Amino acid sequence: MATPPIGHRTKDFRKLFCGVRKKLQKIFRTQNEIFIIPSSATGAMEAAIRNCVDKKVLCLVNGAFGKRWADIARLCEKDVETVEVEWGKAIKPAIVERKLRHNKFEAICLVHVETSTGVMNPLNEIAAVVKKSGALFLVDAVSSLGAIRVEVDKLYIDVCFTASQKGLALPPGIAIISVSERALNKSRSVKSKGFYFNFELLLERAKNDEPLTTPSTSHIFALNKQLEKIEKEKMINREKRHYQLSKLCRSLGKSKGLEIFSEKGFEAPTLTCFKNTLNLNTNALLKFLDSRGFTISGGYGPLKGKTIRIGHMGDYKLKDIKLLFDAFDEFLKGL
Ligand SMILES: *Cc1c(COP(=O)(O)O)cnc(C)c1O
């Protein structure tokens with residue numbers, strides 16, 4: 001990121017931009033077009049709705065980010081229906097199938113890893129149900145992609161996105177979005193797409209390896225470097241490391257008397273969400289851990305104080321989790 005910025009309409013930048021998008025296609029496991037947009041992940045959620053939905057959309061909701069996506073669709077004045085599942089539980093394919101039996105939607109929105117509850121929804125199984133319905137499949141892979149495999153082409157995911165600050169372990173500031181031919185075609189017929197996230201306009205520029213508007217060049221340099229590092233680690237090892245991190249985190253938490261909040265069998269490999277079974281003052285815990293150099297979360301939104309979330313996506317090592325729980329021990333001893 002410290003590389004001095006270069007003009008975004010220069011040949012050097014086009015070369016960098018082209019290379020980065022090619023590397024991203026490998027991470028997304030897709031031949032689809034990749035757009036890099038100057039927003040956080042929420043911008044990509046909005047982009048997916050504004051480009052791929054004229055009227056009817058189905059949002060699958062089992063946590064704060066699924067809810068946010070439905071809220072965005074409503075604010076964009078779409079006709080929104082939801083399938084809602086209790087927070088902490090996973091969305092099962094059967095409930096989606098039932099909804100689709102008597103209803104038709106232009107697009108279906110799914111959050112792969114629901115970061116607010118630590119649940120990983122069964123993406124492959126839901127993808128099969130969506131495919132049968134013929135609807136566009138829009139997937140928020142913010143807390144999975146870049147950490148674990150997400151098979152965009154194999155699962156026929158029409159729009160898939162992440163942001164720099166989660167699985168890719170970069171500073172926040174850009175979102176990355178893959179868009180299928182089907183989604184691009186749909187966007188051509190959708191009105192009121194605005195300018196900033198307009199797929200047609202983004203595509204026109206992308207064909208020439210250019211961004212639509214001025215990008216954060218610092219992020220593109222950093223992304224290029226990080227993608228080289230991921231290639232060196234290999235996605236398969238990166239994924240394995242995340243499964244090891246979550247397994248260790250769960251077992252250390254359990255050994256201290258914490259229970260897992262997320263439904264059994266659907267625990268995310270990228271973060272662990274515990275029930276606050278020890279009735280800890282989560283604010284005091286967070287403050288203590290911060291003094292030891294660790295940042296965790298005391299529960300998202302309505303789960304504040306009720307859960308403890310430990311994010312371990314990106315470049316963390318097993319040792320980091322061990323050191324975190326050493327500090328946790330120190331906190332418990334001081335009570
Ligand atoms: C963090 C997150 C978002 C939103 O991210 P911002 O970058 O803050 O806009 C969306 N979806 C999921 C699953 C997330 O974890």
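Start at 1 and go down the list; that is how both ligands and their atoms are numbered. Keep in mind that this is a model prediction, so the values were computed, not measured.
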Report yes if the side chains of E231 and E228 come closer than 4.5 Å at any heavy-atom pair, otherwise no.
no
Can a donor-acceptor pair be found between the side chains of K23 and N224 at a distance below 3.5 Å?
yes
Below 4.0 angstrom, N of the basic side chain to O of the carboxylate: do D54 and K186 qualify?
no
Show which side-chain atoms of residues 74-81 pair as donor or acceptor with protein atoms under 3.5 Å away, not counting sequence neighbours.
residue: R74; atom: NH1; partner: D71; partner atom: OD1; Å: 3.2
residue: K78; atom: NZ; partner: V53; partner atom: O; Å: 2.9
residue: E81; atom: OE1; partner: K99; partner atom: NZ; Å: 2.8

For F161 and W69, take the angle between the two ring planes, folded into 0 to 90°, and tell me which bin it lands in: parallel under 30, tilted 30 to 60, perpendicular over 60.
perpendicular
Can you tell me which residues line ligand 1 if we count any heavy atom under 4.0 angstrom from one of its atoms, in chain and number order?
S40, A41, T42, F65, R68, V111, V113, T115, D140, V142, S143, Q165, K166
With a distance cut-off below 6.0 Å to the six-membered ring centre and an angular limit of 45° from the axis, does K131 pair with Y156 as a cation-pi contact?
yes
